[in-house]
Amino acid sequence: MGVVHGEEMVLNIGPQHPATHGVLRLQVRTDGEVVSQITPYMGYLHRCFEKHSENVTYEQVIPFTDRCDYLSSMSMNFGYVVAMERLMEIKVNDRVEHIRVVMAELQRIASHLLCTGVFGLDLGAFTPFLWALRDRERILDLFELTCGARLLYNYMWVGGLSHDIPVGFVESTFEFLDYFEPKVDELENILAHNKILVERSADIGVMPKDVAISYGVTGPNLRASGVKWDLRKNDPYSIYDRFEFDVPIGEGQKGTVGDCWDRFYVRIIEIRESVKIIRQALASMPKEGDVHQSLPKKIRPPKGSVYARTETPRGDLGYYIESDGSPIPYRVKMRSPAFTALSVLDEIGAGWLLSDVLAILGSLDIVLGEIDR
Amino acid sequence: MIKYFSDIFTAVSTIAGGMFITLTHLVKAKKGIATLQYPEERWPRPERNIGFNSESYNVIRSRLHVDMDDCIGCLKCERACPVDCIKIETAKAPERGEDIKDVKHVGITTNGTRKAMVVTRFDIDMTECCYCNLCTYPCPEECIFMTGGPNGKKHPIDYEFSEPDRSDLIYRFAKPGTKEGMENILNEKSKVEA
Amino acid sequence: MTVDFIFDGLNQLFPAVAGNDFFLIIAMLLPVAALLGFITIYGFGVIYSEIKVSSFIQDKTGPMGQGPGLHAGKWGLLQPVADGIKLFIKEDIIPASADKPLFILAPFLIFIGALTAFIAVPFGEKIIIVDMNIGIFYIIGVGSLAVIALILAGWSSNNKWALFGGMRSAAQIISYEIPAGISLVVVIMLASSLNMQEIIAYQEGGLFNWIIFDNPFMPIVFVIFFISALAETNRTPFDLPESESELVAGFVTEYSGTRYAIFFLSEYANMFVISAVAATAFLGGWQSPFENFLNTPAWSVFWMISKTFFLIFVMIWVRWTVPRLRVDQLMHLCWKVFIPIGLFNVFAVAIWIVVIG
Amino acid sequence: MAEILFWFIASLTVLSAAMVVLNNQLLYSAIALLFTLFGVAGLYIYLWADFIAGVQLLVYIGGINVLIIFGIMLTNRISSVRLSQTNIQQGFGGVIALWLLIIISLVISKTPWYQVTSAEPSSTVREVGTLLMTKYLLPFEAISILLLGALIGAALLSREAS
Amino acid sequence: MMEHIFIHYSLFILFLPLVAFVIQIFFGKRLPREGDWVSIGAISITLVLAINMFVQMLLDYDSDFSVEASFVWLDMGAFNIRLGFLVDNITIIMLLVVALISTCTHIFSTQYLKGDIRYSRYFGYLGLFTFSMNGIVLANNLMSMYMFWELVGVSSYLLIGHWFEKDSAANASKKAFLTNRVGDIGFFIGIMLIYSAVGSFAFTDVFDGVASGVIAGTTLTLAGVGLFMGAMGKSSQFPLHIWLPDAMEGPTPVSALMHAATMVAAGVYLSVRIFPILTPDALLVVAYVGGFTAIFAASIAITQTDIKKVLAYSTVSQLGYMILAVGTGVYTAAFFHLLTHAMFKANLFYGSGSVIHSMHHALHEKHDHETDPQDMRNMGGFKDKMPITYWSMLLSTMAIAGVPLFSGFLSKDAILAGTLSFAMHHPEHFLLPLFGFGAALMTAFYMFRMMFLTFHGEPKMPELIDDIHESPKEMTGPIVLLGALSLFIWYTLPYFNPMSTHGWFTDLVVPKDAVVPGNLSANEIEEGAHHAHYLAMYISIAVATLGILLSWATYIKKAVSADQWSARSGFLYNWSLNKYYFDENYDRYIYQPTLRLADKVAWIDWELYDKYFINGFGRLTNWASKITGKFDYDVIDQLLVDGTGRISNLIGRKFKSIQTGKLQNYVLYVAAGVIILMVIQSF
Amino acid sequence: MDQLNNYLFIAAILFSLGVFGVMTRRNGIAVLMGVELILNAANLNFIAFSRFGGMNLDGHIFGLIVIVLAAAEAAVALAIVINIYNNLNTINVDEASMMKE
């Protein structure tokens, strides 16, 4: 006697599939609908970022960092310039730092909005996704106002910014935040507490603390597993030590700590925390200050290497830059957060149903541009 | 058993709550609509003011444009480009700062710099351009810029530059005939010298 | 009923050749033709409303146009027509490794299922194509044809996504037929008839005589029926068979062009049928909500269609609100929630009928 | 007209029944069975048994046929399109079946059947229900217990041994 | 239909245990305390209702009281079966007995079965049993009685086999079930005989039918004996008594409930109910069966060492008494004894359960799983450790032994008197009173033997005695209650005459004249019994005293050595100890022979018929004529006898290939066969 | 159409086809389909006699019972077939002949 065992089936999810968030291919072994093994195949979006960087000057690397995590370009720029400034020992003025923080946090909101919306879309709720995109558009408007580009900014430069913020930017940002805060509540109400979504995500794809740490998972995914780890608090860079904000962690409110719902909900709380930071940064921003003040005439860092890490919306972003004294970097290595998040997929995704695997994948919030680089 | 019914209750109440939210959106459809009717309505370009003396300073990243009359052929933009989409060839002008009528070369820029080189080829491959804006900063004459740039009044913003033919996206800014004209001039000159 | 009516009419119109078999054929084909026309028009209407309602819910405008030509008509009214034309002139691809006969048969089978169910839907006291004794039973029976069509579509495509979709939908529809059936049993118990018209006649006399207000259990029964109806028509949150983020497009993955259009249309036709059944069984059918007000035959069509469309609107509304369930949760909902509560309702209403009714 | 329709239905029934047993592709057989069942339902309507026809639609087509298709899918390599099967003792079996048909047909045609002409009942549902609850209460209960037993048995058979 | 309030009461009494059963079976595991309170609650309600009915009966005091209600269950045209209730005084008393003992059992079981893995199921089965027992009691016709009869069989099967992990329990349950079936066949035949003659199952119709002579003579006797066979099965009368002692494998409270008080009483109840249709011949059968069982079982009980076995055989013996009483016509006395016996025997079982429980715990403390906790040889001296158990058990023992002032004295006395008077009327049946008094003597002996072995004397296993302690309240409560009910006072209520059976009971359950013509009138016997009463009383007191004294002398005084006696009595002792080898004999003479019959027949065929007859005949004829002999050998033997075998062997081997194991081939053959048959038929 | 014999003939054909299917098919499910044909034939006869033979609605009851029986049979049969498949990895009935000896 026995239940019907479907024959083992190998499914290729992707590289063209609505739920893979890009050109990712998951080779999935299923028994009936139960997934027994997931093998991610990457490289469909490989652009030789690291090799490319060894052939262009230091300032020319910045547009390439934009394209790695195309959903949080500002944060990618930020990480690179932090690394470069450490290497060249440049101290930028407060105005620049404030603007950078505002930009990075706005970017975090935009990225998390997209992630939460797409998570809903993965689970079949279409409407919240469009609402999220609608609000993300407002943030992109602010970026366009600032630097003229909506997606790939090349805004932060080593030692400064490409432009100062325009007149009226602070006001319109405040206006946006006032508009935006109730929208987060709406998003949470329609999505986070919906019984169906809770059923679909709570207790699903649980990533225990130790698994998360041993796989090197960072960012909201790690925090959802209950680890209070945020580089903005734990290893403050820029001026994050000046602001008050909380680091939300997963509490297993609807299920187990570290399940899909926690990962999803941590991002919603982080949106609120980012709003807090932006309000503080805008309020304390110095009115005067030249954003080009410490811009070096020629970028030719001393011989040596640096590793700097920052907190992007997806986790710890690390840049390792080695300089041989020439204007062209000897080596640029990027430690990308979504890559580690994807690598944990087989560990936490095997044994669930096919639908759950896609929910888990959605909750990990990966961006293929950064994984493949 | 209690969990069974409380689950049913939460399901009903949360779904009803969600439906109420969507209903409010449906009812207030007129207010919240975020769509633009594209061909009729255009995306409003944000008017950017950075406090300079120029009243409106647009940094919109659209297609690149070169004011050939001002270009001195210094090759700074070509070097700044991370993707090498700018190709410039120059020829030494017979005389610095002189207009050469045959090839429509203007000898002095609007900034008053006297040009030593005649640009015989200035090609930008817009299919390769990554819109990073890096080429515009080093230009000493501010002659290469994204449209809608500082000289926005001269150049209307446009982002609808799709072309049916891919080769049409290689913008050739050097004036037609410059190359041949310069070759002729240089040949004649060498003949004369010879 | 209608056939006889038309036949008699034709006979009276042409007394010379009365009783001709040809007339009978005409009398049979005419309602079918009318039905096809109705389904087409209804399809355009419901697709348009789906687009528009979803757009407004999502803070969009949906298709808009300033005039005929490029822009799909005023307010995008011609958008469904344009979609339809696009689908019908699109290349119709049959995958090389598909099982060709079954691949072709499947869309027709599902369309037959949807179409034949229409003939028992009452639009008025006399406006019904066939007034069957077992009308409501017949519609449930014919509805089960869709299951086979979906399995065939999924299997014959020779595509894993399609197969998954087909099997899922089959399991889903079979399961949800039970709570839907149980809910209708309650209605049948109250009306003590399987005949659609008699069920409607039972609800005569205004809003509060409708079955949904008959006793305190009926709203629950109605909700169970309605949600089961959502599941039977594969609508969100039960759209697992074609859930795009999981199965690409489920059983229609390999279908394109006209065949896809038929699947599409059948889904909407099934929505209409099931809503019409719900309206008939619970909301008084073609009767006006107010006694002796707007209760003429012409208005009866209006009431029926408006009730049906209201339910369809709710279906659309639900679709754009909630996420999708998982397979096991779907089954859990059916077998552990709906069926026990449905059975409880049957007993409760039976007791109610004996004790109070 | 009705005559033509009758013969059409009858031939549909018989031909698709032949398909059921002669076709070597299982799924085609199942689909042919669907048409046979449809045809039989049509014949029931000619026999004034509309309720039975409805039951036939619901139970046979909606239940049994789907179950059979499920069975086919579950017991074959479903990722391969051809689900064929082979026959045994076809010659001998064919002869026997033919003889059976001939003999039954002889019996049918030779027997002077007792026939009564009765009026078409207006509705069979109510009468059938009444009969089920009175005269045939015991068979009704027995059959429901049988159904329950079959349900439990089938569930037990296909349960994983733990 | 249900005009009388008692019908409503009966409905509740009947169905409440069933409801409890259903709840227990489906939800028992999930309820707090595994749901024993559901069963106890349900059964307590029935007890309250039964007491209410009983009190009303006493207040009304109408000996002809009877209400009846019935409805059609199966309507098959001419043949229809009605179900219904008949409530009269007997029914009410039986209901009270069942409800009371059942309640006690439920309460007792909460402790006795504490921690059992099938605790809730056990209570569920108790509910089912109570339901079916009440069904028997309330039935107004033979058919429904038969149904509940079978249900009782099923539930007793389930309860005896409660610990079915033990092989002995599983076998005992099977044995009980099968043995009962044998009796039920007779029962069913009896029912059908009556139905075929009378055309109805209802008691009233049957009685009317018998009175009007629709059924009479041999048929009636056969029907009566058939019905009585059912009673024999249930009441475990000789020779169907073998299941009851084995049934002691079930939990002790079950033994108390079923095998002492209620289920086995069903047979007696049935005999009482159908008394009017028993012809004199049938009654004689009844009387002899009962009488023999009484003395026979008593003689086994003397030597048993297992405490529960003693009680079991005592039960069989007492039931024999009751049957004897029915047979001799004093069915009032039979029923009276049924009532008193239910009380004191249930109590004895509870007491033994309490002892076993305590022994079991004590053994458990010592981690001794080898010693049998039910063996009396391991007990002794428990008197001070378990005073409540001891005293109440002593009361019941007094009652069963027929000591004056106790209930058993009254009822037994009535039976003995009836028997005596019967024998006076019919001196040729002098054996019946001898059976009665002999059994009484033995009863007194072995019951006190049991008491002495268990509670008096030196502890046989001194290491245990410290761990022996009184059982918890839930167990002692029922014991005390039932012990008190063993006193005479409850049964002679309005008169308080400890020496006379004359009480409320006799007036309520007056014997009705048998309807069978020519039957000896019950009233006549009653009259006789009055005359024989004092004689019977004296003899019985004497006999009881003798038994007790003998027991005392043997086991306390040790004046008489039991071992010596047993050695001296030789085979009698062994027979008694081994229950007259009944099981073995059944096994040897019925089961095994049946199994070996085929062998024997084959053996006869080959060894006797073939070898000696055929061959011998051949040799004989050979001796007479060699040619004839050769012809004989070649033709008769080889060709016809062996040849048939060879040919069938050959055919079998050929046809073996037809059996392919493939169903479809068989279908093909069947179809071909049908065709051939049809073709043949048409020619 | 109004002739009893028509229906009886159709039923006879269905019956013989069903018997043929049962006899010749190797696949267990195909055999099951043959059985369904036989049941349908029987049912058709019931209903036909119900109309023409004066059985009135009793035939309908039997038809109903047969349909229910068929449902139960199909459920159990398929459970068995699936079990056989799980154990033997085939559903050819002639290979499932362990009970031969």
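All values below were derived from every heavy atom in this structure, side-chain atoms included, with hydrogens, water molecules and symmetry-related copies excluded. Residue numbers begin at 1 in each chain, while the letters A, B, ... track the order of the sequences.
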- Item | Segment of V68(F) engaging chain D (4.5 angstrom heavy-atom cut-off) | both
- Looking at L67(D), V40(D), N65(D), which one has more heavy-atom pairs under 4.5 Å with chain F than the rest? L67(D)
- Message: For A97(D) versus M23(F), what's the shortest heavy-atom pair and its separation?
- Response: N-CE, 4.2 Å
- Message: Please classify the contact of L78(F) with chain D as side chain, backbone, both or neither, using a heavy-atom distance under 4.5 Å.
- Response: side chain
- Between V59(D) and A71(F), which heavy-atom pair has the shortest distance, and what is it? CG1-CB, 4.0 Å
- Determine the option with the most heavy-atom pairs under 4.5 angstrom with chain F, choosing from S105(D), G153(D), A10(D). S105(D)
- Message: F20(F): which residues meet the ring pair (Phe, Tyr, Trp, His ring centres under 6.0 Å) condition with it, sequence neighbours left out?
- Response: none
- Sole candidate of I52(D), V125(D), L131(D) that passes side chain to side chain contact (heavy atoms under 4.5 Å, CB included) when paired with H60(F): I52(D)
Determine all donor-acceptor pairs shorter than 3.5 Å in which one atom belongs to a side chain in residues 30-44 of chain F; sequence neighbours excluded.
| from | atom 1 | to | atom 2 | distance (Å) |
| --- | --- | --- | --- | --- |
| E36(F) | OE1 | Y60(D) | OH | 3.4 |
| N40(F) | OD1 | Q56(D) | NE2 | 3.0 |
| N40(F) | ND2 | E36(F) | O | 3.2 |

- Proximal component of L33(D), with respect to chain F [non-hydrogen, under 4.5 Å]: side chain
- Message: Using every non-hydrogen atom in the two residues, find where I64(D) and A74(F) come nearest and quote the distance to one decimal.
- Response: CG2-CB, 3.8 Å
- Query: If you count heavy-atom pairs under 4.5 Å with chain D, which of V76(F), V22(F), L14(F), I67(F) comes out on top?
  - Reply: I67(F)
- Please look at F70(D) and chain F and tell me whether the side chain, the backbone, both or neither of the residue comes under 4.5 angstrom of a heavy atom of that chain. neither
- Task: Please report the closest heavy-atom contact between A72(F) and A150(D), naming both atoms and the distance.
- Result: CB-CB, 3.4 Å
- Is the shortest heavy-atom distance from the side chain of Y136(D) to the side chain of I65(F) under 4.5 Å? no
- Please check if the side chain of R51(F) supplies one atom and the backbone of W48(D) the other of a donor-acceptor pair under 3.5 Å. no
- Query: Considering all heavy atoms of both residues, which atom of A12(F) and which atom of I104(D) are nearest to each other, and what is their separation?
  - Reply: CB-CG2, 3.7 Å
- For ring pair (Phe, Tyr, Trp, His ring centres under 6.0 Å), just list the numbers for Y44(D) and F46(F), CA-CA rounded to whole Å, side-chain angles, deciding distance to a tenth of an Å, and then say yes or no. CA-CA 10 Å; Y44(D) 287 164; F46(F) 273 128; over 10 Å; no
- How many angstroms lie between CD1 in I108(D) and CG in L8(F), if you round to the nearest 0.5 Å? 5.0 Å
- Quick one: which of A48(F), G63(F), A11(F), G18(F) has the most heavy-atom pairs under 4.5 Å with chain D, could you say? A48(F)
- Mind checking whether F140(D) and I61(F) have side chains closer than 4.5 Å, heavy atoms only? no
- Taking all atoms of both residues into account, what is the closest heavy-atom pair of K135(D) and D58(F), and its distance? NZ-OD2, 3.3 Å
- Query: Contact part of T13(D) toward chain F, heavy-atom cut-off under 4.5 Å: side chain, backbone, both or neither?
  - Reply: both
- Message: Please rank I143(D), L148(D), L151(D) by heavy-atom pairs under 4.5 Å with chain F and give me the top one.
- Response: I143(D)
- Contacting region of L22(D) [heavy-atom separation from chain F under 4.5 Å]: both
- Query: If you draw a 6.0 Å radius around CZ in F9(F), do more than 12 non-hydrogen atoms from other residues or ligands fall strictly inside?
  - Reply: yes
